[in-house]
Visitor: 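The structure's right below; bear with me while I get my questions together.
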Amino acid sequence: MGTLFPVAAVLAALVVGAVMLLLLGASPGEGFAAMIDGAFGGPRELADTVNKAVPLLLVGVGITIAFRANVINIGGEGQIVLGALTATALALALPDWPAVVLLPLGLAAGLVGGAVWGAVPGALKAYFGVNEILSTIMLNIVAVQGMNYLLRGPMIDPAEIESGSRIPQTMRLPPATDLPVLVPDTRLNLGAVIAVVAAVVVYVFLWRTTYGYRIRAVGLNPFASRYAGIDVKRSTVVALTLSGALCGLAGAILVFGSESHRMVTDGSTTGFTGSAGFNGIVAALFGGLHPIGTIPASFLFGALLVGANRLQRVTQVPSALVIALNGLVVVFVVSSAIWKRRLEQRAQLEAVQTGDQAAQTSLPGDVAPAAADPPGRDSGTDDG
Amino acid sequence: MAETLPGTGGRGHGLDLAMRGIVKRFPGVLANDHVDFDVRRGEIHTLLGENGAGKSTLMKILYGLYRPDAGEIRIDGEPVQIDSPRRAIELGIGMIHQHFMLVPTLTVAENVALGLASPKGPLLDLAPVARRIEELSEAYGLRVDPGAMVWQLSVGEQQRVEIIKALYRDAELLALDEPTAVLTPQEVEDLFVTLRAMAAEGHSLIFISHKLHEVLDISDRITVLRNGRLVGTVSSADATKAGLARMMVGREVVLEQVRAPVEVGPPRLEIFDVRARGDRGTEAVRGVSLQVRAGEILAIAGVSGNGQRELAEVVAGLREATGGRVLIDGSDVTGADPGQRRALGLAYIPEERMRDGAIGQFTVAENLMLHDFDRPPFARHGFLDFAEIERHCRRLVADFDVKTPSLDTTMKSLSGGNIQKAILARELSANPKVLVASQPTRGVDIGATEYIHRRLLDQRARGTATLLISEDLDEILALADRIAVMYEGEVMDVVDRADADVGRLGLLMAGVRDSGT
Amino acid sequence: GGAGDEAGGGEGAAEQPFRIAVVAPSAINDLAFSQSIYDGLVAIQEEMGGPTKVELAVTDGTFVVEDAAAAIRDYAAQGYDLVIAHGSQYGTSLQEIAPDFPDVSFAWGTAGDTFGLPNVFAYEAASNQGGYVMGVMAAALSESGVVGIIGPIEVGDAKLYVDGFAAGVKAQDPTVDVTINYTGSFSDVALAAEAARAAIGAGADVLTGTAQMVVGAVGVAQEEGVLWFGTQADQTQLAPEIVVASQVYHWEVVLRDMIDLIQQGTLGGEAYVIDLANGGEEIAFNPGFDLPADVKQLGQDTIQGIIDGSIVVPAGG
Amino acid sequence: MGEFFTSAVLVSTVASGLRLSTSYLFAAVGETFGQRSGVLNLGVDGIMLLGAFGAYYTVLNGGGLWLGMVVAITVGLVMGLAMAFTSVTLQAEQGISGIGFYLFGLGLSDLLFQKLVGTPLPIRGFPELRIPFLADLPVVGEMLFSHSIVVYAAFLLVPVAAFVLNRTTLGLKIRSVGENPEAADTLGVSVAGVRYLTVMTGSALAGLGGAALATELGIFQQNLTAGQGFIAVALVYFGAWRPVGVMAGSLLYGLVASVVLQLKTLGIIPRSASELAAMLPAVLTILALVVAVQRERQPAALTKPYERGA
Ligand SMILES: Nc1ncnc2c1ncn2[C@@H]1O[C@H](COP(=O)(O)OP(=O)(O)OP(=O)(O)O)[C@@H](O)[C@H]1O
Ligand SMILES: Nc1ncnc2c1ncn2[C@@H]1O[C@H](COP(=O)(O)OP(=O)(O)OP(=O)(O)O)[C@@H](O)[C@H]1O
Ligand SMILES: [Mg+2]
Ligand SMILES: [Mg+2]
């Protein structure tokens, strides 16, 4: 029931989008048909949607860990870049290794790169009291310049120097690091499986392991956690590190699963990440800050982005419209959360009037499913 | 802006309030169920009831913070709609909230001036505010420095600021929600002097407290609520402690616990010349040495802000000692973290239970496991064992009589008393060698207080060394074997229960050393 | 959706329009890189008989390489006759996509490499040539003996242009100082503006710059009254008083050839360069700027020298 | 290195730093109001872009600079109203709705630009306003007193903001609402009202910051701000929620950027290291906070929506 609200919010945003299309002289009907077709129209479209969703899911799941520790990680962009760089560097360094070793190793390198870029703001916050919003914004800037430096200098494809064209890109990575394509004739690759597995692992981690318990405890009440013998500072660092690691993994997958099998920069972060570091936050929220809920949320959000690109191509409106629409969807989705909360409160209220004690469950929004809660669902009122 | 600056004086003398058929529902509870409540001019009328009975809710409705689902409020016979605190203030209603409504980063004068028009238009002008605060301080015996930052004030001073805020706005009717819960006996006395003076001037006063002797002392009439419903209104002259307790709880309550003699064992908690800084960086604990033996309750009495809290935190490992040593069961734990101390047998009931003792949004079960979640049998190889955890928590909830709809209920939706019982369950389940209990029954109703006292005495009988920190002298006299009085970070004296009486403790708490009469 | 009403007469009765799609990294009206290809396409469209004969589809502002790849794939799948990837960073994606659509012709700019694929064209501009010409004029015009160049990041077309310009300055007058400042961003207009101020502060009285963020620098040049040379598009309208000349690309020169080849059944394999000789590059003098005749002559001589081969412009390094 | 320390270079470096700080300063001081009242607006960059476009478009069409400023402020107010509605009334998660507003502003400003303007034609900004006497002082005259009116306005905003926050009844309400909204509510202060006001003020200033950028540069382009709004938000944290601190942060950021530019222009920083040099402002901002060891507490209610009785 509660998931209807984000969906309704997306639809509302699209209505505004329809008005904008009309103003631009395009037909909304044609536009939205193109959008649906572009996102779901066939195996190739579905594969693109899934591929677009993969970094959103990984970032979203990472963000969930940070959020649960009460840290807002808006450094996803930089962490993706770092993960991509370390994964790429490793692949370039070990060109002859077999796929069974090199691929996992490369992905692990991505994890590590992102982890480091998450650990820095984590440590700055825990040990120096530097607010993570400040540090992650600044570290995004550092990361993009680092990327430009490396891809223009030390990591550039030697052929680019030779030919003098100096396109800031690495050479083609060893084929061993190509993510295997799962469905022939599409671009659906192993990244999708990795992301879903990561989401499940994070779910288990957060709600079934002692370390996850620590992170959630610290996020909700650092004072009580400290008294409970939990190292609050370390938990903050760990949460941001893990969050960064997942973003880094997304970066590695972006490179290994890319069309060109190499890392390319246009000089901006977005040029590489496609704003996944931001959009992943929205996907996480859409998914109720729950790793499992983030899976369908990322898929829908990926569909929206892929579909909107097709919309642009079919209706020939400026692509800026797609960005504006993306923003509207984000605003509408976060704003819709209140109706969901209200609905759940009302359900509790009615349950009381009918004397149904069982419906008196945890407050909405917390969505902190205890042991018995099925994954991916808010402790709803309908299964009491 | 309707309010103006000082000097306008009262607009009349008190209000006649009538609340009729008030109903208020919250998700999961019927907090007020057709409650009728009257206050007359010049009267001090007490609202009494267990935790969660609906007292605060009724007051918040009166102050425009909640909208009632049904019912009517009349002031001086006229029906009124109170839809915001602003409206309540306009009507001459003031409220001292259970949790202080102060902005800690502002000065006293700024807190008082907040929301009022300034004689200089948009510009702040705090000088006349400070003057008027001093006048009010004078008139009602409410000493406070207008220029002090609120976060630097003791709880008692903060409360005075709250009262001044209401008086400043010419409150004719003042509601005080558990104003004494955080005060020392002397401060309670001072407050009562103020309240009586106000009543004598014709102010109408609503008083809420869980302490029956205070209620009997100050009230003209007493209205009892239970589970959101009105039980009845009695005249204070006709009421007795036992009778009130029965009205509140619906059964007989044992008001005095029997303190059986217990064999005292070896020292379990030893504190040598401990020093520590307070939150503001000043030295809060200045060379305290104490010993607590097995089977003994050592109480620390004192006006709040004299280093008791800091001392408890040093013992619990939450605050660094700047000097001295702490030993638990013979082991030096001065540099140890809370977890290590716990392993040696320490348990701690923190003063700020929702801050240090519990995680509000965690479930009851998760809170009960807060210290043990990472050790077998509750966790294996880093994974939580939910079956084991549930079994354990069920037992604790049953043993400690924690009233909760389920183990998956969030902690913050329990009543204050039940939260305290859950913390007690967690802390006592390990049968600690040393227990530090800070204000264990503050704000807790008499039923739960009775229960908690019994558990503390049980623990004493089982050989636990208890360091009890309380500002409630009744509680101290009911439980302690020895009493240490702290004043300005030092122990004034340690007296045996047998030699202690309220007068002597009061003098020590005021910093007057025993002349040995 | 296919537009194009059935225009009666002509050669083939039911002739389909020639369909061209272009994917570009910045906006098609950026007065710079992306605008140059768009202007070329529009020119070709006019030349070939308007929208009924040539259908254009544009996806611009596509700085995300993977999104560009998706767009390229999508246009190819929709059966466009020519899909242009107008960004050197798109090349390696194109290399993967083109073999999947052997019946579609692709063009990659700006680059000199067709990857040996039969259905890929490549096109680039010898932007160093125009740069060189303008560098020569800049040296001649500079009174302070300092010339400033502002670039985005040191790659591709931008680097080629900057190096050519610097070489031209030095060739004309080795004593003139050249300050080169790559701001590190294609988009940070404010930084480009401050880089221009810094160059002026260092004594420069003639400036040039490349990529879309230089619009900020042009404004500063105008405000401070120093001269400006533009590239990639005619930048006269940005600052009519101080723009001396701009190097303008006429991609239609190579596009025309590509389309001919495609219509004859050759889908790629050719690498084109526009330069001063083939008319793909033009130095557009600002008619409103009072350029001393000798300097203009110097410029025209240099152009001629490059065309006839008597002047060899170094190609970066 | 010696050539860097000639007074001409120093003067132009400092002057350039001041100009670079200007748009941050508008946006960051505006954001300070919102944050002091408990609302985080991460959408500043998008609002700046829309404000920049509004001003640019107005001036381009002959509306004049002052009208351009008014348009930018109006655009900011409208965006602020929307932001306040989502964060205050609908209690949306502020960090995220802000990113939504950013993307919206980024896309819409570009869309409008492409549809209404197309080619980035130049406009003329405010002329240099030399302050009598002061501008004639040696060295400092050129450095500090020969700028356009928007630069002075940005710096004048700092004492004004500090005065409003610390010396007015409104400021008292803002500070209270950001620390303890419940307490303010019980005294009849409208928490929502104050927050709408601060968010809209902040957004208006963000719009003005965008306008300052567009008129100073005399141009508009897609993503003109290049992320300045995000840096402005970070500078509020840097400045510990005080206008003067925010100014210090803006100056630090602007000056480091201009020093780097200058050193690159003089060839002191080699071209191969230009990206590394571009990191410097960000790195130094973080380091400054680490070293300055200021543990300023953020407003206690920052990012927390307020609902009576919740
Ligand atoms: N904002 C709220 N939302 C939901 N439930 C609430 C809220 N406030 C109070 N309640 C519930 O309403 C009931 C009455 O609460 P109230 O605060 O009035 O009790 P009280 O008599 O003041 O208790 P105490 O003695 O502990 O202060 C309780 O069951 C409580 O859980
Ligand atoms: N938002 C809420 N939702 C549910 N219950 C609430 C809420 N706020 C308060 N309560 C409940 O209302 C009752 C009264 O709460 P109140 O804030 O008066 O403090 P308390 O429980 O009496 O604790 P203390 O006296 O120590 O302050 C408690 O049962 C508390 O758990
Ligand atoms: Mg209460
Ligand atoms: Mg209470």
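Protein chains get the first letters and strands the later ones, always in sequence-line order, with residue 1 at the start of each.
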Visitor: Determine the option with the most heavy-atom pairs under 4.5 angstrom with chain D, choosing from C:Gly219, C:Gly216, C:Ala190, C:Ala193.
Guide: C:Ala190

Visitor: Does any backbone or side-chain atom of C:Ile200 lie under 4.5 Å from a heavy atom of chain D? Answer side chain, backbone, both or neither.
Guide: neither

Visitor: Between CG of D:Leu18 and CG of D:Leu251, what distance do you get to the nearest 0.5 Å?
Guide: 6.0 Å

Visitor: Is there any residue in residues 59-69 of chain C with a non-hydrogen atom under 4.5 Å from a non-hydrogen atom of chain D, and which ones are they?
Guide: C:Asp60, C:Phe63

Visitor: Mind checking what makes salt bridge (charged side-chain N to carboxylate O under 4.0 Å, His left out) contact with D:Glu216, not counting sequence neighbours?
Guide: none

Visitor: Would you indicate whether D:Arg124, at its atom CZ, is surrounded by more than 12 heavy atoms from other residues, nucleotides or ligands within a distance under 6.0 Å?
Guide: no

Visitor: Taking the ring centre of each residue, are D:Tyr253 and D:Tyr24 less than 6.0 Å apart?
Guide: yes

Visitor: Has the side chain of D:Ser21 got a donor or acceptor atom that lies under 3.5 Å from a matching backbone atom of D:Ser250?
Guide: yes

Visitor: To the nearest 0.5 angstrom, please state how far the CG atom of D:Leu255 sits from the CG atom of D:Leu284.
Guide: 11.5 Å

Visitor: C:Ser142 side chain to C:Ala139 main-chain N or O, any donor-acceptor pair under 3.5 Å?
Guide: no

Visitor: Mark yes or no for whether C:Asn181, through its side chain, and C:Ala195, through its backbone, hold a donor-acceptor pair below 3.5 Å.
Guide: no

Visitor: Using heavy-atom distances under 4.5 Å, tell me whether C:Leu191 contacts chain D through its side chain, its backbone, both, or neither.
Guide: both

Visitor: Look up atom CD1 in C:Ile84 and atom CH2 in C:Trp251, then write down how far apart they are to the nearest 0.5 Å.
Guide: 10.5 Å

Visitor: Output the residues of residues 102-111 of chain D for which the shortest heavy-atom distance to chain C is under 4.5 Å, in residue-number order; output 'none' if no such residue exists.
Guide: none

Visitor: For chain C, which candidate among D:Ile123, D:Leu224, D:Leu20, D:Leu213 shows the most heavy-atom pairs at distances under 4.5 Å?
Guide: D:Leu20

Visitor: Evaluate the side-chain contact (heavy atoms from CB on, under 4.5 Å) criterion for residues C:Val146 and C:Thr179: first the C-alpha distance (whole Å), next the side-chain angles of each, then the deciding distance (0.1 Å), finally the verdict.
Guide: CA-CA 7 Å; C:Val146 184; C:Thr179 74; 4.1 Å; yes

Visitor: Keeping C:Asn128 on the side-chain end and C:Pro314 on the backbone end, is there a donor-acceptor pair under 3.5 Å?
Guide: yes

Visitor: Who among D:Pro120, D:Gly218, D:Ala278, D:Ser12 has the most heavy-atom pairs with chain C under 4.5 Å?
Guide: D:Pro120

Visitor: Could you check whether C:Thr208 and C:Trp228, counting side-chain N and O atoms only, form a donor-acceptor pair closer than 3.5 Å?
Guide: no

Visitor: So which residue, D:Ser23, D:Ala226, D:Pro122, ends up with the most heavy-atom pairs under 4.5 Å with chain C?
Guide: D:Pro122

Visitor: Atom OG of C:Ser36 and atom OH of C:Tyr249: how far apart are they, to the nearest 0.5 Å?
Guide: 7.0 Å

Visitor: Is it the backbone or the side chain of D:Ile219 that comes under 4.5 Å from a heavy atom of chain C, or both, or neither?
Guide: side chain

Visitor: Keeping C:Gln247 on the side-chain end and C:Gly130 on the backbone end, is there a donor-acceptor pair under 3.5 Å?
Guide: yes

Visitor: Select one option (side chain, backbone, both, neither) describing which atoms of C:Gln235 are under 4.5 Å from chain D's heavy atoms.
Guide: neither

Visitor: For the backbone of C:Ser26 and the side chain of C:Ser34, can you confirm whether one donor and one acceptor N or O come within less than 3.5 Å of each other?
Guide: yes

Visitor: Distance from C:His250 atom NE2 to C:Ile44 atom CD1, nearest 0.5 Å?
Guide: 12.5 Å

Visitor: Should the heavy atoms of other residues, nucleotides or ligands under 6.0 Å from OH of C:Tyr38 be counted, would the total exceed 12?
Guide: no

Visitor: For chain C, which candidate among D:Gln221, D:Gln222, D:Glu128 shows the most heavy-atom pairs at distances under 4.5 Å?
Guide: D:Gln221

Visitor: With chain C, which of D:Ile269, D:Leu217, D:Asn223 has the greatest number of heavy-atom pairs at distances under 4.5 Å?
Guide: D:Leu217

Visitor: Between C:Ile150, C:Ile180, C:Asp188, C:Val218, which residue shows the highest count of heavy-atom pairs closer than 4.5 Å to chain D?
Guide: C:Ile180

Visitor: Applying a heavy-atom distance below 4.5 Å, give me the residues of residues 46-63 of chain D that approach chain C, sorted by number.
Guide: none

Visitor: Just so I understand: if I count every heavy-atom pair under 4.5 Å between each of D:Arg19, D:Lys264, D:Glu275 and chain C, which residue has the most?
Guide: D:Arg19

Visitor: If you measure only the distance, is there a donor-acceptor pair under 3.5 Å linking the side chains of C:Asp157 and C:Thr110?
Guide: no

Visitor: Side chains of C:Val23 and C:His86, heavy atoms from C-beta outward: is any pair under 4.5 Å?
Guide: no

Visitor: Considering only heavy atoms and a distance below 4.5 Å, find which of C:Ala192, C:Ala198, C:Ala217 pairs most often with chain D.
Guide: C:Ala198

Visitor: Heavy-atom distances under 4.5 Å only: say whether C:Val220 touches chain D with side chain, backbone, both or neither.
Guide: neither

Visitor: By a 4.5 Å heavy-atom criterion (distance strictly below it), what part of D:Gln114 contacts chain C: side chain, backbone, both, or neither?
Guide: both

Visitor: Please lay out, stage by stage, how C:Lys170 and C:Phe165 fare under the test side-chain contact (heavy atoms from CB on, under 4.5 Å).
Guide: CA-CA 9 Å; C:Lys170 287 292 179 191; C:Phe165 196 97; over 6 Å; no

